[in-house]
Amino acid sequence: MRNFLSTSDLSGSDLAHLIDSALRFKGGADQSKPLAGKSVALVFFNPSLRTRASMQVGVYELGGNAVVLEPGGTSWTLEHRDGAVMDGDKTEHVAEFVRVLGQYCVAIGVRTFAAVKNWEAERTDPILNAFAKYSEVPIINLESAMQHPCQAMSDMMTIREKIGEGPKKVLLTWAWHPKALPMAVPNSFALAAAQMGHDLVIAHPKGYELDDELISETRDHATAAGGSVIILNDVAEAFDGAEVVYAKSWGSRNFYGAVEKDIAARAPYRSKWIVDKGKMARTNSAIFMHCLPVRRNVIVTDGVIDSPSSVVIDEAENRLHVQKAILAQLLEK
């Protein structure tokens, strides 16, 4: 790997190899220190708990040092656009920022959310791609406007740990939320699930479709891996026979830049699009997954997230092990 920006840059066997490596780190079979005497920069444009803590701990456990930077806070504000006239509030360009960090660090992780303002611009992941363009060291996507591959790899690892190898019936279900959230997590989960050969059901109300190109790519991966992709608008039907239930909210691209209209449009779905015991009873003893943080009794009821079927804490732990595997592979010589 040159960078780790999206799971779609890798084959299904590559993803399985990463999970194998993560399991060795988790079980203690691999105690290597590929980062001994080296530093990794972690650049956070947005708040974080699991990503920040797991990356810092992971770098340390691999023998290295984490340098955490927050543009506009602990470092200068950043401009990413080519040809920008920097006479506004941006102090430094990514072109210099990234290349300077590359002189100190062997890899750079970057986390930057979608602003949910301009769909056509944000769907191209401009900030992440600017980092990748200028960097001479590997870039790791710690969540961008359109992708969250580290989370997706943790999800795939958790599915394998909890219910075994091989294709499963996996449900990615939209859930009501009081805010219009980015699509990075559902995009990456759908891609990775398809790459691993799972039979994927994506459920959402009409108007909350994921990116057309992303769905086309997901279908191609599913076909190549022997899996399938079905999209449903009936929330109850979607749960039938599922072995994995993954809940996540995301905003509608129809309302990008008009958040209040999105909130009004989704209002009728509040009581219907929530994961509760009744829906879980329709599954094939499914595990419940969510990337966290989660709004209890909004996305999922207490009765589900606190039940034995919930694996959200193990899923969060696996971020540490997967990211160690990613770092180790990126830095293999």
### Query
What do you reckon, is CZ of R296 surrounded by more than 12 foreign heavy atoms closer than 6.0 Å?
yes
Next item on the list: With the side chain counted from C-beta on, respond yes when C150 and R319 share a heavy-atom pair under 4.5 Å apart, and no when they do not.
Entry: yes
Query raised in the report: Within a reach of under 6.0 Å around CD of E96, are more than 12 heavy atoms found that belong to other residues, nucleotides or ligands?
Result: yes
Closest non-hydrogen contact found for A286 with A242 is CB-O, 3.3 Å
* L5 and D125: side-chain contact (heavy atoms from CB on, under 4.5 Å), yes or no, with the steps? -> CA-CA 10 Å; L5 307 182; D125 261 335; over 6 Å; no
Are I287 and L23 connected in the hydrophobic side-chain network, where two residues link if heavy atoms are under 4.5 Å apart? yes
Any idea how F288 and H290 line up, ring-wise: parallel (<30°), tilted (30 to 60°), or perpendicular (>60°)?
parallel
Under a 4.0 Å N-O cut-off, is there an ion pair linking R2 with D9?
no
Interatomic distance, CD1@I305 vs CD1@I313, rounded to 0.5 Å, equals 7.5 Å
Note: T301 and K277 closest approach over all heavy atoms is OG1-N, 4.3 Å
- Message: Run I299 and S249 through side-chain contact (heavy atoms from CB on, under 4.5 Å) and show every step you take.
- Response: CA-CA 8 Å; I299 299 288; S249 185; 4.0 Å; yes
More than 12 heavy atoms from other groups under 6.0 Å of CH2 on W119
yes
List the steps and the verdict of side-chain contact (heavy atoms from CB on, under 4.5 Å) for K179 and R295. CA-CA 11 Å; K179 296 171 64 178; R295 296 200 182 205; 3.7 Å; yes
Around atom NZ of K33, are there more than 12 heavy atoms from other residues, nucleotides or ligands closer than 6.0 Å? yes
Taken to the nearest 0.5 Å, the spacing of I140 CD1 from L327 CG works out to 4.0 Å
Got W250 and Y208 here, is their nearest side-chain heavy-atom distance under 4.5 Å? yes
ring-ring contact (aromatic ring centres under 6.0 Å, His included) filter on Y246, not counting sequence neighbours, yields F189
field: same_hphob_cluster(L15, V170) at 4.5 Å side-chain heavy-atom cutoff
entry: yes
salt_bridge(K133, D82) N-O dist < 4.0 Å:
yes
S75 meets the side-chain hydrogen bond (donor to acceptor under 3.5 Å, both in side chains) criterion, sequence neighbours left out, with none
Answer whether the closest heavy-atom distance between the side chains of F97 and V43 falls below 4.5 Å.
-> yes
Open item on the list: Is there a path of hydrophobic side-chain contacts, each under 4.5 Å between heavy atoms, that joins L42 and F113?
Closed with: no
Could you tell me whether a side-chain N or O of Q195 sits under 3.5 Å from a main-chain N or O of L10, the two making a donor and an acceptor? yes
### Pair N318, E161: side-chain N/O donor-acceptor within cut-off below 3.5 Å
yes
Distance col, row M280:CE vs S310:OG, nearest 0.5 angstrom, shows 8.5 Å
_Pair R111 + E143, salt bridge at N-O below 4.0 Å_ = yes
With a 4.5 Å limit on heavy-atom distance, are the side chains of E70 and R52 in contact?
-> yes
Measure from the side-chain N and O atoms of S216 to the backbone N and O of E213, and report whether any donor-acceptor pair falls under 3.5 Å. no
What one should report as the nearest heavy-atom pair of D262 and A180 is OD2-CB, 3.7 Å
Indicate yes or no for a side-chain donor-acceptor contact from T158 to the backbone of S154 under 3.5 Å, with no hydrogens or angles considered.
yes
request  = Spell out, as yes or no, whether a donor-acceptor pair under 3.5 Å connects the side chain of R253 to the backbone of D211.
outcome  = no
Discussion item. Checking the side chain of T77 only, and the main-chain atoms of D89 only, is there a donor and an acceptor separated by less than 3.5 Å?
Written reply: yes
- Message: Can you see whether E217 engages S8 through a side-chain donor-acceptor pair at a distance of less than 3.5 angstrom?
- Response: yes
Rounded to the nearest 0.5 Å, the CZ atom of R99 sits from the NE2 atom of H93 at a distance of 10.0 Å
Checklist line | Within-4.5 Å side-chain heavy-atom neighbours: V110 and V98 | finding: no
- prompt: Can we say D240 and R282 salt-bridge, meaning some charged N sits less than 4.0 Å from an Asp/Glu carboxylate O?
  reply: yes
For R160, is there an ion pair with D20 - N to carboxylate O distance below 4.0 angstrom? yes
Exercise. Ignoring hydrogens and angles, tell me if any N or O in the side chain of K279 forms a donor-acceptor pair with the backbone of I274 under 3.5 Å.
Key: yes
Note, H198 side chain near V244 side chain (heavy atom, < 4.5 Å): no
Here the pair of heavy atoms bringing S228 nearest to D199 is OG-OD1, 2.9 Å
Looking only at heavy atoms, the pair that brings R266 and G251 closest together is NH2-CA, 3.5 Å
Open item on the list: Is it the case that the side chain of T223 and the backbone of R219 share a donor-acceptor pair, with hydrogens and angles ignored and the cut-off at 3.5 Å?
Closed with: yes
C291 and E315 have their tightest heavy-atom pair at N-OE2, 3.9 Å
Backbone of D87 reached by a side-chain donor or acceptor of K90 within 3.5 Å:
no
#### Entry: side-chain contact (heavy atoms from CB on, under 4.5 Å) between F44 and L69, worked out
CA-CA 6 Å; F44 289 91; L69 298 168; over 6 Å; no
For T283 and F239, indicate whether the former's side chain and the latter's backbone hold a donor-acceptor pair under 3.5 Å. no
Exercise for the section: Would you kindly confirm whether I139 and F4 end up in one hydrophobic cluster when ILVMFWY residues are joined by side chain heavy atoms under 4.5 Å apart? Expected result: no
What I'd like to find out is whether the side chain of M289 reaches to under 4.5 Å of the side chain of I159, using heavy atoms alone.
yes
task: Indicate if V40 and M1 have the same hydrophobic cluster label, given that clusters are the connected sets of ILVMFWY residues with side-chain heavy-atom separations under 4.5 angstrom.
output: yes
